[in-house]
Amino acid sequence: MSQPQWIEVTPVNEHAEVTRRQFAQTYGHEPSAVWGAPGRVNLIGEHLDYNGGSVLPIALPHLTAMAVGRAPADHAGAASAEARVSSAHGGQTVRFSLAELASGSVTGWASYVAGVIWAMSEAGWDVPAIELYVDGRVPVGAGLSSSAALTCSTALAVAQASQAPADWPWTSVNDDGARRALAAACIRAENEFAGAPTGGMDQSAAMRASAGHAMLLDCASFDIDQISWPAEAELLVVDTRSNHSLIDGQYGGRREACERAAELLGVASLAAIDMADLEATLARLPDAELQGVVRHVITETDRVARVAAGLPSGDLTAAGEALFESHASMRDDFVISTPELDRVVADAREAGALGARMTGGGFGGSAVVLCRPGTATKIGEHIHRGAEQMNHPAPGLMQVLPSRAAFRLG
Ligand code: GLA
């Protein structure tokens with residue numbers, strides 16, 4: 001039998017130091033700072049952000065680090081001010097002219113970085129010639145928002161090196177108003193520049209989550225409420241290492257189905273429909289696909305409220321049950337689960353987990369498992385064995401605590 005694969009978190013100091021050194025080697029001078037932003041795992045409230053509902057993510061301890069420095073003099077030989085970005089994952093330094101940024105002008109992973117600079121410039125930031133070095137340690141393609149970690153770490157790094165617009169509403173990056181505005185720029189960058197139709201939960205979590213809390217985010221107003229994490233709850237994240245991508249069209253397809261249903265029902269947001277009106281609402285829809293997506297959104301909204309109310313009082317049994325229900329809803333009604341994810345959830349239940357569900361956009365990626373104290377390791381091992389029996393890829397296992405939002409690492 002193969003060994004379970006536990007994914008460790010790089011200590012912050014080490015991550016900062018490695019990124020600083022890599023920056024210095026690449027650009028020949030020291031960076032002015034290293035910023036970092038976390039991945040996120042959504043405890044519950046899936047596909048609700050773009051439906052105007054509430055979601056309950058936590059920030060992961062896994063970070064993307066971004067070292068930043070102004071170019072010593074404007075880059076020699078460049079016709080106009082440039083940004084340059086290099087990555088620990090290899091490939092050449094990507095260069096782009098700040099004056100010529102437009103959707104599609106930079107492609108691949110660097111489009112997320114360029115997109116943030118573009119969105120911040122659009123918001124009135126004066127961005128100088130700049131150098132960036134990224135070292136991402138959030139599992140990629142796992143539904144844990146490595147892209148939001150990239151955009152949010154870029155936003156803080158760029159903010160530090162740039163001149164804020166005159167009407168910018170804040171003075172410190174620790175101010176929630178500042179973080180909300182920078183998250184909005186990151187959302188624009190992903191939607192309009194990189195072409196990823198994400199709904200805003202991921203960037204908000206990476207920018208605004210709080211250690212020791214789950215973040216209840218109302219996606220109609222983007223107001224947050226930090227919900228105390230019960231000390232006795234253990235959380236396991238399981239990356240199935242099966243496919244997940246936001247730009248392959250399936251995520252967009254679900255969004256479109258939701259929009260179609262909202263239009264047919266004449267409502268601005270599906271999440272605003274009351275649970276008491278569920279059956280009457282479904283009866284007004286023409287087919288099983290639209291009924292499924294609407295049933296998911298309405299029942300998931302109710303589950304988020306239940307979990308947010310139950311967590312602070314330590315009612316973990318009820319919260320766990322809501323997680324299992326959420327998984328069934330995504331499998332049967334929203335139809336975004338996979339055999340790998342279904343198996344993880346079944347094995348988690350068998351091993352005694354309080355609750356488990358797939359998390360993130362779906363069609364692969366990760367599951368989140370709520371465990372009684374002292375049981376996460378055993379449950380992780382059981383899930384590993386289950387995957388092995390099925391000839392599924394060996395999952396990446398992470399035992400996590402709700403961690404802090406983006407911050408300065410060094
Ligand atoms: C992805 C998107 C988010 C959200 C989730 C589903 O992670 O980026 O905005 O829609 O899927 O809850």
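As the structure lists them, so they are numbered: ligands from 1, and atoms in each ligand from 1.
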J.: Could you report the tightest heavy-atom contact between Thr359 and Glu46, atom names first, then the distance?
T.: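 Between these two residues, the closest heavy atoms are CA-OE1, 3.3 Å.
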
J.: Give the numbers and elements of all ligand 1 atoms closer than 4.0 Å to a heavy atom of Asp202.
T.: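 Near Asp202, meaning under 4.0 Å from one of its heavy atoms, ligand 1 has 1 (C), 2 (C), 3 (C), 7 (O), 8 (O).
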
J.: Hey, could you give me the CZ/CZ distance between Arg303 and Phe324, rounded to the nearest 0.5 Å?
T.: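 Answer for the CZ-CZ pair, Arg303 versus Phe324, is 13.5 Å.
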
J.: Return yes or no for this condition: an N or O of His47 is under 3.5 Å from an N or O of ligand 1.
T.: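 The answer is yes, given that His47 and ligand 1 share an N or O pair closer than 3.5 Å.
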
J.: I want to know if ligand 1 touches Gly360 in the polar sense, i.e. an N/O pair below 3.5 angstrom.
T.: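 Checking ligand 1 against Gly360, no N or O pair falls under 3.5 Å apart.
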
J.: How are the rings of Tyr251 and Tyr50 set relative to one another: parallel (under 30°), tilted (30 to 60°) or perpendicular (over 60°)?
T.: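 If you compare the ring of Tyr251 with that of Tyr50, the planes turn out perpendicular.
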
J.: Pick one of side chain, backbone, both or neither for how Asp49 approaches ligand 1, counting any non-hydrogen atom pair under 4.0 Å.
T.: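 Only the side chain of Asp49 comes within reach of ligand 1.
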
J.: Judged by atom type as modelled, is there a donor-acceptor pair below 3.5 Å linking the side chain of Thr151 to the main-chain atoms of Ser147?
T.: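 Judged by distance alone, yes, a pair lies under 3.5 Å.
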
J.: Is there a donor-acceptor contact under 3.5 Å from the side chain of Ser329 to the main chain of Glu325?
T.: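 Not confirmed, Ser329 side chain does not pair with Glu325 backbone.
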
J.: Is it true that a side-chain atom of Arg372 and a backbone atom of Gly352 form a donor plus acceptor pair closer than 3.5 Å?
T.: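 It does hold such a pair.
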
J.: Atom CD1 of Ile227 and atom OG of Ser210: how far apart are they, to the nearest 0.5 Å?
T.: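 If I round to the nearest 0.5 Å, the distance is 11.0 Å.
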
J.: Give the numbers and elements of all ligand 1 atoms closer than 4.0 Å to a heavy atom of Gly200.
T.: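 Counting atoms of ligand 1 from 1, those under 4.0 Å from Gly200 are 9 (O).
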
J.: Find all atoms of ligand 1 within a distance of less than 4.0 Å from any non-hydrogen atom belonging to Gly199, and give their numbers and elements.
T.: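 Contacts of ligand 1 toward Gly199, numbered from 1: 3 (C), 9 (O).
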
J.: As a check for students: among Glu46, Arg40, Met201, identify the option with a heavy atom nearest to atom 7 (O) of ligand 1.
T.: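 Minimum heavy-atom distance to atom 7 (O) of ligand 1 goes to Arg40.
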
J.: Which of the numbered atoms in ligand 1 are under 4.0 angstrom from any heavy atom belonging to Tyr50?
T.: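 Near Tyr50, the atoms of ligand 1 are 10 (O).
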
J.: Would you say Ser145 and ligand 1 have an N/O pair spaced under 3.5 Å apart?
T.: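 Between Ser145 and ligand 1, no N or O pair is found under 3.5 Å apart.
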
